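All values below were derived from every heavy atom in this structure, side-chain atoms included, with hydrogens, water molecules and symmetry-related copies excluded. From a predicted model like this one, the values you see are computed outputs, not experimental measurements. Here, residue 1 is the first one in the sequence, and each next residue gets the next number. For ligands, and for the atoms within them, numbers begin at 1 and follow the listed sequence.
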Amino acid sequence: MTPAVETKQPFFIGGDWVETGRTYSICLPYDGSQVAEVQQADAAAVDRAIEAARRAAPAMAAMSNADRSELLFRLHAFVARDGVEFANLIALETGKPIKEARFEVERALQTLLESALAARELHGEVIPMNAAPGAQDRMAITVREPVGVIAAITPFNVPFNLAMHKVGPALGSGNTVVHKPAAQTPLSALRFARAAHEAGLPAGAYNVVTGPGSEIGARLVEDPRVAMITFTGSVPTGKWIRASAGLKKVTLELGGNSALILEPDADLDLAVARAVTGAFMHSGQLCISVQRIFVHESIAAQFTGRFVEAARRLRIGHPLEETTDISSLISDQAAGRVKEWIDQAVRDGGRLLTGGGRKGNTIEPAIIADLPPGTPLSCQEAFGPVVAVDLYRDLDQAIDRANGTPFGLQSGIFTRDMQRAFEAARRLRVGGVLINDVPTFRADHMPYGGVKESGIGREGPRYAMEEMTDSKLICWRV
Ligand code: NAD
């Protein structure tokens with residue numbers, strides 16, 4: 001049932017398709033069947049990719065806002081034309097259900113569109129020089145200049161849209177890119193290189209090299225020709241990158257264990273439906289997956305009963321089946337770790353309300369009540385289909401517990417009382433608060449990113465372009 005993709009796929013450097021002769025297999029995480037074989041980059045290939053990007057940088061920097069925007073509209077059109085193919089590749093490389101893969105393609109298209117629009121609008125500002133004593137006879141403006149070569153390092157879980165969140169703004173603001181997708185999920189990136197070629201992107205503006213992060217990624221991080229690293233992935237890799245990048249610009253979109261608070265007046269129909277999506281979409285392998293639910297004691301029994309029922313209705317199956325809601329985790333190792341965390345939570349006294357079984361790399365959606373503090377599930381990132389439900393008596397307590405982790409990506413609160421909602425929004429230590437929604441919601445143009453160990457910097461094309469350009473002041477005496 002698993003269709004094979006082209007074999008020995010080359011990567012893309014300086015507008016050419018490049019092979020090293022060394023290949024590795026890409027397998028469907030659901031059943032381990034091989035779906036493709038791709039070339040593995042070596043040190044020489046990474047060097048060539050960086051050099052191609054460096055050479056292309058002046059031409060990209062010299063393009064007008066209008067021309068870069070036009071380029072992104074063309075890219076958008078080519079990806080839209082082949083959207084079905086992109087969705088299939090995403091489902092095969094990640095093992096996510098096909099309906100979620102289609103959604104990812106829609107989101108990636110939106111990201112490209114927003115990048116095309118933001119490229120037109122990129123501008124500096126007028127500085128009111130007459131605000132300072134002695135500077136009244138001067139005027140000043142700032143202009144935004146591209147940083148040059150950007151290394152984009154992306155994770156396995158949302159391989160295409162998260163890549164577009166880096167590539168779209170980087171090209172739109174006049175930079176060139178060397179992209180390193182996660183070793184397990186390079187297929188959508190390689191397919192995107194074809195779209196870039198067809199769209200007439202200048203040679204060297206987008207390059208993609210595939211292979212293990214420790215070899216390929218590390219070379220990108222350390223090379224002095226790279227001006228900026230835009231990274232999405234785990235906290236340990238992010239910390240290593242920050243420590244190794246020297247004076248390069250770095251943005252880090254890292255992990256989370258998002259909290260959802262349900263107040264007594266929450267719209268329960270909506271909260272249950274959104275919590276199921278938020279906790280179990282892509283088997284919980286989303287940085288803003290709902291991992292911790294704090295529900296007011298007055299509605300806890302009602303909410304939990306309905307939430308468990310809804311989780312049990314999710315259909316487990318092959319990622320390419322239209323009806324599948326839950327497929328598999330990315331690897332045997334990931335499934336083993338999540339299963340062990342669930343078992344440990346139960347050994348420590350947590351009550352497993354549903355799910356938690358493992359078959360191959362698939363974990364049944366699990367809901368755990370009375371989770372003891374200090375278990376990995378309560379404070380680390382699960383990155384699996386498991387959610388803890390805990391009761392609280394007053395909102396202060398819920399906010400303190402929501403804040404009581406090293407992470408701070410997004411949080412959600414359901415209440416009809418806007419006063420309380422805004423009080424919570426003010427006190428939650430996160431990059432974004434969603435009122436009457438789960439923290440898993442993201443629209444691609446909104447500013448997105450974390451505080452604490454969840455990262456540094458913001459994405460969303462307009463905000464990413466700010467990060468990917470330097471401000472230059474031009475001041476003149478009048
Ligand atoms: P990961 O850190 O293992 O890998 C991410 C990327 O870094 C991959 O391309 C990998 O090959 C590369 N890499 C690994 N070691 C490297 C090194 N030494 N130098 C340079 N690159 C290296 O993460 P993952 O398992 O692919 O993704 C899951 C993580 O990503 C989770 O923690 C999740 O929360 C996080 N994530 C965050 C966001 C966000 O927007 N904040 C979005 C999606 C995923």
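- Taking every non-hydrogen atom of L162 and a distance limit under 4.0 Å, the qualifying atoms of ligand 1 come out as 42 (C), 43 (C).
- Using a cutoff of 4.0 Å between basic side-chain nitrogens and carboxylate oxygens, E459 and K166 are scored as salt-bridged.
- Here D325 pairs with K99, R315 under the salt bridge (Lys or Arg N to Asp or Glu O under 4.0 Å) rule; sequence neighbours left out.
- For an aromatic pair to be called close, the ring centres must be under 6.0 Å apart, and F11 with W17 fails this.
- Between E364 and K359, no side-chain nitrogen of the basic residue sits less than 4.0 Å from a carboxylate oxygen of the acidic one, so the salt-bridge criterion is not met.
- Of all atoms in ligand 1, numbered sequentially from 1 with element shown, those under 4.0 Å from a heavy atom of I153 are 6 (C), 7 (O), 9 (O), 12 (C), 20 (C), 21 (N).
- Counting only heavy atoms, the protein gets under 4.0 Å from atom 15 (N) of ligand 1.
- At the top of the distance list for atom 2 (O) of ligand 1, counting protein heavy atoms only, stands S234 OG, 2.6 Å.
- Atom 27 (O) of ligand 1 has its closest protein heavy atom at P155 CB, 3.3 Å.
- In this structure, the protein non-hydrogen atom closest to atom 11 (O) of ligand 1 is K180 NZ, 2.9 Å.
- Considering only heavy atoms from C-beta on, P97 stays 4.5 Å or farther from I326 through its side chain.
- Between the side chains of D42 and T20, no donor-acceptor pair is found at a separation under 3.5 Å.
- The N/O atoms of G233, backbone and side chain alike, include one that comes under 3.5 Å of an N/O atom in ligand 1.
- Under 4.0 Å is where a charged nitrogen must lie from a carboxylate oxygen, and between D332 and R358 at least one such pair does.
- At least one heavy atom of N157 sits closer than 4.0 Å to an atom of ligand 1.
- The shortest contact between atom 13 (N) of ligand 1 and any protein heavy atom is with G213 CA, 3.4 Å.
- Using a 4.0 Å cut-off between a side-chain N of Lys or Arg and a carboxylate O of Asp or Glu, D47 and R225 qualify as a salt bridge.
- Residue W240 has no nitrogen or oxygen atom sitting less than 3.5 Å from a nitrogen or oxygen atom of ligand 1, judged on distance alone.
- Using a 4.0 Å cut-off to heavy atoms of A218, the atoms of ligand 1 that qualify are 19 (N), 20 (C).
- Which parts of ligand 1 touch L409 is read off a 4.0 Å heavy-atom cut-off, strictly below it: atoms 41 (N).
- Listed by atom number, the atoms of ligand 1 under 4.0 Å from G255 heavy atoms are 32 (O), 34 (O).
- A side chain to side chain contact (heavy atoms under 4.5 Å, CB included) with F192 is found for one member of D82, L187, L75, L89 and no other, namely L75.
- Between T154 and ligand 1, a contact under 3.5 Å exists for at least one N or O pair.
- Among protein heavy atoms, the minimum distance from atom 40 (O) of ligand 1 is reached at Y448 CE2, 3.3 Å.
- Using a 4.0 Å cut-off to heavy atoms of T232, the atoms of ligand 1 that qualify are 5 (C), 36 (N), 37 (C), 38 (C), 39 (C), 40 (O), 42 (C), 43 (C), 44 (C).
- Numbered from 1 in the order shown, with element, the atoms of ligand 1 that lie under 4.0 Å from a heavy atom of P181 read 9 (O).
- Looking at E51 and R55, a side-chain N of the basic residue comes within less than 4.0 Å of a carboxylate O on the acidic one, giving a salt bridge.
- Ligand 1 has an N or O atom lying under 3.5 Å from an N or O atom of F156, backbone or side chain.
- The side-chain heavy atoms of V386 and K339, taken from C-beta on, include no pair separated by under 4.5 Å.
- Polar contact with ligand 1: absent for S454 (N/O pair, distance under 3.5 Å).
- In this structure, R429 has no salt bridge (Lys or Arg N to Asp or Glu O under 4.0 Å) partners at least two apart in sequence or on a different chain.
- The distance criterion of under 3.5 Å between nitrogen or oxygen atoms is not met by R442 with respect to ligand 1.
- Contact check on E467 versus R458 returns no salt bridge, with no Lys/Arg side-chain nitrogen under 4.0 Å from an Asp/Glu carboxylate oxygen.
- Ranked by closest heavy atom to atom 32 (O) of ligand 1, the top entry among Q285, Q410, E381 is E381.
- Looking at ligand 1, you'll find an N or O of L254 within less than 3.5 Å of one of its N or O atoms.
- Residue-ligand proximity, G217 to ligand 1, at heavy-atom distances under 4.0 Å covers atoms 19 (N), 20 (C), 21 (N).
- Ring-plane geometry between F12 and Y206 is classed as tilted, the angle between the planes lying from 30 to 60 degrees on a 0 to 90 degree scale.
- The single protein non-hydrogen atom nearest to atom 38 (C) of ligand 1 is C287 SG, 3.0 Å, given as residue, atom name and distance.
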